[in-house]
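Read through the structure below, which is laid out as structure tokens, and then see the notes.
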Amino acid sequence: MTAEGTDAMAGQSYAECAETMRALRKQLQQAAEDRSLEGIALPSVDGTRSSEGPSGDEPVAFFERQVAERERDLGPEHPDALLSRNNLGGAFQQQGRLDRSVPLFERNLADSERILGPDHPDTLASLNNLASGYEAAGDPARAVPLYSRALAGRERVLGPEDVRTLLCRDNLARAHELTGDPARTIPLHERTLTDRERVLGPEHPDTLLSLSNLAYAHHRARNREQSVELFTQARAVGERTLGPDHPATQYVQELLSHARGR
């Protein structure tokens, strides 16, 4: 086989691995949400979540009505109106309607900075969410400085071990991963894993996600030994906490096979 053919196979393998990792992250996010009592949780969108939910309603329609009602009754600059607009942006992003979500996040960030101030927790959530929108739109390089600002603000305002701070650091690491910067990705995942083990416990789905993220970062950096060791640990945690037949556990097994080169 020619070297060109070998490279093509490696590229295909990494593409398959990336798709499996996306599926794993989705499953573990859902597992974490199932443990939460905070109500609606939207992908990569965090911070100020409403305690209310669609109650079976379609999320975009629900939040569109809520935005209209709160802007009418409270005014467009009321914090609750900003919260509803934030959740509407998340609902659009969840549906892949980035042409609607990103402008909402941009508007919400500008309004939050002006009304609440740059260090308000809701403003930091808006900053994180706009970064998430840029990342979802395929522009992680644009997301990196926003995640960095949000992380610095959360560490200062909320503390380095607040779950929102940990989520933001995880988001920043993933954005660095997407820009092909393992030198920045791996240390961020290492710190997030250590903090989540201490704050959430070693068997929380978010901790398992951090363990898998670190394993995947080493895999992308072609650190085979570290990747195999970490994915093996993640498989054991998944089997113990979620069960061997849970989709997340199965995805970890697939990733472990990729890391082993099988």
Side-chain angles (χ1 to χ4, degrees), residues 14 17-33 41-47 93 124-125 127-202 204-224 226-231 233-234 237 248 251-252 255 258-259:
Y14 272 88
C17 192
E19 184 60 35
T20 303
M21 191 65 204
R22 282 191 289 270
L24 173 62
R25 285 168 172 160
K26 184 176 181 181
Q27 285 292 329
L28 290 177
Q29 181 186 32
Q30 184 60 56
E33 289 169 10
L42 300 165
S44 302
V45 178
D46 74 312
Q93 180 170 319
L124 298 174
L127 188 60
N128 177 84
N129 294 346
L130 178 56
S132 171
Y134 289 149
E135 179 189 334
D139 195 355
R142 194 175 183 187
V144 164
L146 297 182
Y147 280 139
S148 297
R149 284 173 52 197
L151 177 59
R154 284 183 166 177
E155 288 179 335
R156 183 174 62 253
V157 174
L158 303 175
E161 294 187 350
D162 186 276
V163 292
R164 291 162 290 182
T165 304
L166 300 181
L167 174 59
C168 193
R169 191 183 305 128
D170 187 69
N171 289 342
L172 175 59
R174 187 182 59 251
H176 279 305
E177 172 191 302
L178 292 171
T179 61
D181 192 350
R184 294 179 183 272
T185 302
I186 290 173
L188 286 167
H189 281 317
E190 287 176 335
R191 181 178 176 189
T192 305
L193 173 60
T194 298
D195 288 349
R196 279 178 165 166
E197 286 178 333
R198 182 172 59 255
V199 174
L200 301 174
H204 191 281
D206 284 346
T207 306
L208 177 55
L209 175 59
S210 284
L211 181 59
S212 301
N213 282 338
L214 180 57
Y216 182 64
H218 278 295
H219 179 57
R220 284 179 61 95
R222 301 184 184 273
N223 300 329
R224 182 177 181 275
Q226 295 96 320
S227 178
V228 169
E229 179 181 351
L230 291 164
F231 274 132
Q233 293 177 26
V237 174
Y251 287 135
V252 171
L255 290 161
H258 275 291

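Contact of the Val144 side chain with the Ser148 side chain is registered, since non-hydrogen atoms from C-beta on lie closer than 4.5 Å. When side chains are defined from C-beta on, Glu161 does not count as touching Thr165, because their heavy atoms never get closer than 4.5 Å. A heavy-atom distance below 4.5 Å is found between the side chains of Met21 and Ser212. With contacts defined as side-chain heavy-atom distances shorter than 4.5 Å, the pair Arg169/Arg154 does not qualify. Using a 4.5 Å heavy-atom threshold, the side chains of Glu229 and His218 count as separate.
Residues satisfying the side-chain hydrogen bond (donor to acceptor under 3.5 Å, both in side chains) test with Asp139, not counting sequence neighbours, are none. When the ring pair (Phe, Tyr, Trp, His ring centres under 6.0 Å) test is applied to His176, no partner is found at least two apart in sequence or on another chain.
How far CZ of Arg196 is from OG of Ser210: 4.0 Å, rounded to the nearest 0.5 Å. Taking CG from Leu28 and CG from Leu211, the interatomic distance works out to 10.0 Å, rounded to the nearest 0.5 Å. Rounding to the nearest 0.5 Å gives a distance of 5.5 Å between CD of Glu190 and CG of Leu214. Separating the CG atom in Leu208 from the CD atom in Gln27 is a distance of 11.5 Å, to the nearest 0.5 Å. For the atom pair CG (Asn213) and CG (Asp206), the distance works out to 10.0 Å, reported to the nearest 0.5 Å. Atoms CG and OH, on Leu130 and Tyr147 in that order, are 9.5 Å from each other to the nearest 0.5 Å.
Contacts classified as salt bridge (Lys or Arg N to Asp or Glu O under 4.0 Å) and involving residues 140-152 (residues at least two apart or in different chains) are given here: Glu113-Arg149.
Taking both residues in full, the closest heavy atoms of Pro182 and Ala221 are given as CB-CB, 4.0 Å, listed atom of the first, atom of the second, then distance. Considering every non-hydrogen atom in both Asp170 and Thr192, the closest pair reads N-OG1, 4.2 Å. Between Glu135 and Asn171, the shortest heavy-atom distance links the atoms OE1-O, 4.4 Å. Between Ala131 and Ala143 the shortest heavy-atom distance is O-CB, 3.2 Å. Ser227 and Ala259 make their closest contact through OG-CB, 3.4 Å (heavy atoms, listed as atom of the first residue, atom of the second, distance). Scanning all heavy atoms of the two residues, the minimum distance from Leu127 to Ala150 falls at CD2-N, 3.3 Å.
Judged purely by atom type and a 3.5 angstrom limit, Thr179 has no side-chain atom pairing as donor or acceptor with the backbone of Ala141.
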Could you walk me through whether Glu177 and Tyr216 pass the side chain to side chain donor-acceptor pair (under 3.5 Å) test, one step at a time? CA-CA 10 Å; Glu177 172 191 302; Tyr216 182 64; 4.7 Å; no
Please assess Arg220 against Thr185 for the test side-chain contact (heavy atoms from CB on, under 4.5 Å), listing each intermediate value before the final yes or no. CA-CA 10 Å; Arg220 284 179 61 95; Thr185 302; over 6 Å; no
Kindly indicate, with the supporting measurements, whether the criterion side-chain contact (heavy atoms from CB on, under 4.5 Å) is fulfilled by Asn128 and Leu146. CA-CA 7 Å; Asn128 177 84; Leu146 297 182; over 6 Å; no
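Ion pairing of Glu19 with Arg22 is present here, as a side-chain N (NZ or NE/NH1/NH2) and a carboxylate O approach within less than 4.0 Å.
Classified by interplanar angle (parallel below 30°, tilted 30° to 60°, perpendicular above 60°), the ring pair His219/Phe231 is perpendicular.
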